There are 2 protein chains.
Amino acid sequence: MIKSAGSKPGEIPAPTMADVARKAGVSAMTVSRALRQNSYVSEEARERIMAAVNDLGYVLDQAAGSLSSRKTGFVAAIIPSINNSNFSDTARGITDALENTGLQLLLGYTDYSVEREEKLIESMLRRRPEGIILTGGAHTARARRMLEKAAIPVVETWDIPTNPVDQVVGFSNGEAMALLVRTLAAKGYTRFGYIGGTTSRDTRGSQRRAGFVRALEELGLPTGRVISFGVPPISMEQGAQAIVSLLDRWPDTQVVLCVSDLSAFGALMECRRRGLRVPEDIAIAGFGDYEISACSHPRMTTINVGCYDIGQLAATKLIEAIQGEGGTAEEITLTGYRVIEREST
Amino acid sequence: MIKSAGSKPGEIPAPTMADVARKAGVSAMTVSRALRQNSYVSEEARERIMAAVNDLGYVLDQAAGSLSSRKTGFVAAIIPSINNSNFSDTARGITDALENTGLQLLLGYTDYSVEREEKLIESMLRRRPEGIILTGGAHTARARRMLEKAAIPVVETWDIPTNPVDQVVGFSNGEAMALLVRTLAAKGYTRFGYIGGTTSRDTRGSQRRAGFVRALEELGLPTGRVISFGVPPISMEQGAQAIVSLLDRWPDTQVVLCVSDLSAFGALMECRRRGLRVPEDIAIAGFGDYEISACSHPRMTTINVGCYDIGQLAATKLIEAIQGEGGTAEEITLTGYRVIEREST
DNA sequence: CTGTTAGCGCCTTCAG
DNA sequence: CTGAAGGCGCTAACAG
């Protein structure tokens with residue numbers, strides 16, 4: 001504990017604006033003005049105020065300020081996992097877009113659970129954020145109701161919900177995966193396998209799987225070689241185990257697509273460990289273009305979905321809606337993705 | 001924009017406690033009591049209140065509450081990078097420890113810059129967090145002063161500062177790296193190389209390097225094979241480039257230690273790509289025990305430092321200090337680390 | 001350019 | 001178990 005702290009008796013209460021005002025010989029209102037960028041304060045007064053602020057070690061109390069100004073300066077963002085670099089890239093994009101707007105990020109993660117998302121939304125709304133960014137379009141009914149009641153701009157990302165709450169910045173996970181299938185089919189592969197999680201929780205994961213199946217159907221190729229493996233997120237280790245089962249069951253599989261680069265990497269390394277040549281004996285592709293896929297040996301084919309840009313764009317749209325007149329139409333912004341062919345296919 | 005929103009004229013203002021109270025036929029005070037767990041409210045009143053809350057879609061405004069209760073329910077945490085799974089594991093540990101305490105995390109990242117840390121600390125202190133968790137012991141003078149003035153519990157993590165602000169939950173990065181050197185020296189390696197970043201910004205990185213050199217000196221082994229490579233964080237790709245330079249310059253190097261598993265992985269893959277056998281031709285070890293090191297081929301030797309536990313323990317200590325009488329002594333809690341020997345050495 | 005007045009929405013405190 | 005009064009620290013709105 002520093003000096004005297006906590007709620008000890010004899011504690012020195014933090015200085016308030018009134019303390020600064022007294023010390024600088026002005027009113028609290030002038031201090032308030034001096035501490036913001038806009039409003040006019042004489043150079044002389046400003047200097048005295050800043051000196052007093054420094055002397056006292058005064059730090060503005062935004063909770064009090066936002067109560068009276070009715071603006072909290074918070075923006076909430078909810079991602080599935082903070083440990084997944086795809087989503088933390090999105091979080092970085094959000095933070096960077098928020099820089100210099102005076103808005104502060106309230107970040108939470110759901111562990112891929114809509115129930116946890118609901119709780120998070122509730123606890124975040126208690127902080128009265130001026131806008132909120134969500135991942136995906138699957139929410140509980142109560143979460144949806146709370147969002148609508150909150151009457152703040154909402155941006156759903158990483159997906160294209162069929163029934164958006166408000167704005168959307170995302171892409172079709174199914175279409176992206178389908179594109180990958182078509183690209184690989186064009187190279188001559190016909191016997192495709194798939195590794196992903198159980199479909200119940202991770203909506204993006206199940207959309208990718210659906211896109212995989214749909215693309216194969218359209219190409220008239222067999223669709224059955226699918227391994228579903230545990231609840232998301234599917235780890236590298238699970239990818240390794242899954243490819244063993246998959247090749248065990250369907251030994252003539254030529255190429256395996258995975259729900260993400262992480263499981264793909266696990267699968268890739270396991271194949272190398274077992275002496276399989278990639279892509280000669282078995283080709284492998286991931287999803288998400290994580291750092292790892294550009295660096296592995298062999299380098300991995302994957303699909304880049306612009307995680308950082310999603311975050312930056314979502315935040316930009318949100319800021320516009322917050323600062324705008326509130327009349328922005330509901331809007332769906334599609335973000336791009338592209339297949340990155342590397343050595344593993 | 002949902003329904004009517006933003007600051008449009010004709011907007012429906014969010015319901016307040018008074019609205020709920022009116023609807024439930026009680027006073028605002030009773031609503032306030034009903035919405036918390038403690039305090040006594042009759043079952044009958046509580047039911048009516050909850051019904052009104054539901055009808056109105058009322059969500060408590062914590063900013064107002066904390067102004068009067070003088071407790072914000074915020075805890076701040078600052079990590080170097082949100083994209084590094086070691087630190088996001090720590091963040092998860094913090095979040096998990098905070099669960100069910102009613103405390104909410106305010107998370108920020110510095111990109112390894114003490115200047116950015118200073119700005120973050122300032123903007124977070126404006127939210128009046130009840131405690132703060134930092135990474136490392138290097139702060140600007142002004143940051144230190146602000147922390148001291150704030151008179152809230154502080155926990156520095158991931159390091160053992162020579163002059164702690166308050167509490168510490170960490171380990172010696174230098175000692176951990178030295179242990180790795182000794183472990184490998186015991187296996188017979190004598191010609192060690194090292195890959196890390198420039199030392200100016202990442203204090204943990206430079207401590208690891210110092211530990212590397214110190215351990216070799218104590219063993220009477222040569223210490224010169226060090227490649228410094230860019231500002232942190234050192235990427236996988238930089239690890240790949242660095243090992244090429246290193247082996248180019250010192251071809252007889254037997255084992256290379258890296259500042260983290262990420263650069264070590266890049267180095268490992270690059271060696272495999274060039275047809276080098278690992279560990280026969282060149283052994284490689286990382287630091288941090290990222291998921292990747294357990295899954296790569298060959299699996300990588302590294303050192304596990306309990307990232308998640310650091311976060312959980314730091315938050316637990318912080319909560320104790322917050323809830324305690326404020327008299328907790330300054331305390332240094334050492335966390336454990338252990339070498340994990342795998343196939344790459 | 002500066003000050004005054006009032007009140008943001010809730011909780012503390014004290015009375016019933 | 002419930003209510004009334006008052007104020008947390010700041011800023012909007014208006015007056016000078």
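Below, read A as the first sequence line, B as the second, and so on, with proteins coming before strands; counting in each chain starts at 1. Quick caveat: nothing in here was measured; it's all calculated off a predicted structure.
Evaluation of the salt bridge (charged side-chain N to carboxylate O under 4.0 Å, His left out) test over residues 16-44 of chain B, restricted to residues two or more places apart or in two chains, returns B:D19-B:R22, B:K23-B:D55. Residue pairs meeting the salt bridge (charged side-chain N to carboxylate O under 4.0 Å, His left out) criterion with at least one member in residues 106-117 of chain B, sequence neighbours excluded, are A:E99-B:R116. Pairs of residues two or more places apart, or lying in two chains, that qualify as ring pair (Phe, Tyr, Trp, His ring centres under 6.0 Å) and include a residue from residues 144-169 of chain A are A:F87-A:W158, A:W158-A:F171. Residue pairs meeting the ring pair (Phe, Tyr, Trp, His ring centres under 6.0 Å) criterion with at least one partner in residues 48-73 of chain B, sequence neighbours excluded, do not occur; the list is empty.
Neither OP1 nor OP2 of C:dC8 sits under 4.0 Å from any side-chain N or O of B:T16.
A:S88 is linked by a side-chain contact (heavy atoms from CB on, under 4.5 Å) to A:S85, B:I82, B:N83, counting only residues two or more places apart in sequence or in another chain. When the side-chain contact (heavy atoms from CB on, under 4.5 Å) test is applied to B:K71, the partners found at least two apart in sequence or on another chain are B:S69, B:E130. Residues passing the side-chain contact (heavy atoms from CB on, under 4.5 Å) test with A:F74, sequence neighbours excluded: A:T72, A:Q104, A:L106, A:R127, A:P129, B:F74, B:L106, B:R127. Taking the side-chain contact (heavy atoms from CB on, under 4.5 Å) definition, one finds that A:L98 meets it with A:V75, A:I94, A:T101, A:L103, A:L105, A:A315, A:I319, sequence neighbours left out. Residues that satisfy the ring pair (Phe, Tyr, Trp, His ring centres under 6.0 Å) test with B:Y109, not counting sequence neighbours, are absent from this structure.
Mapping heavy-atom proximity under 4.0 Å, the span of DNA chain D touched by chain B runs 5' to 3' from D:dC1 to D:dG9.
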Set out, line by line, the N/O atom pairs under 3.5 Å between protein and nucleotides 12-16 of chain C.
residue : atom : partner : partner atom : Å
C:dT12  : OP2  : B:R36   : NH1          : 3.3

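Looking only at distances, no side-chain donor or acceptor of B:D89 sits under 3.5 Å from a matching main-chain atom of B:Y308.
Across residues 46-64 of chain B, not one residue has a non-hydrogen atom less than 4.0 Å from an atom of DNA chain D.
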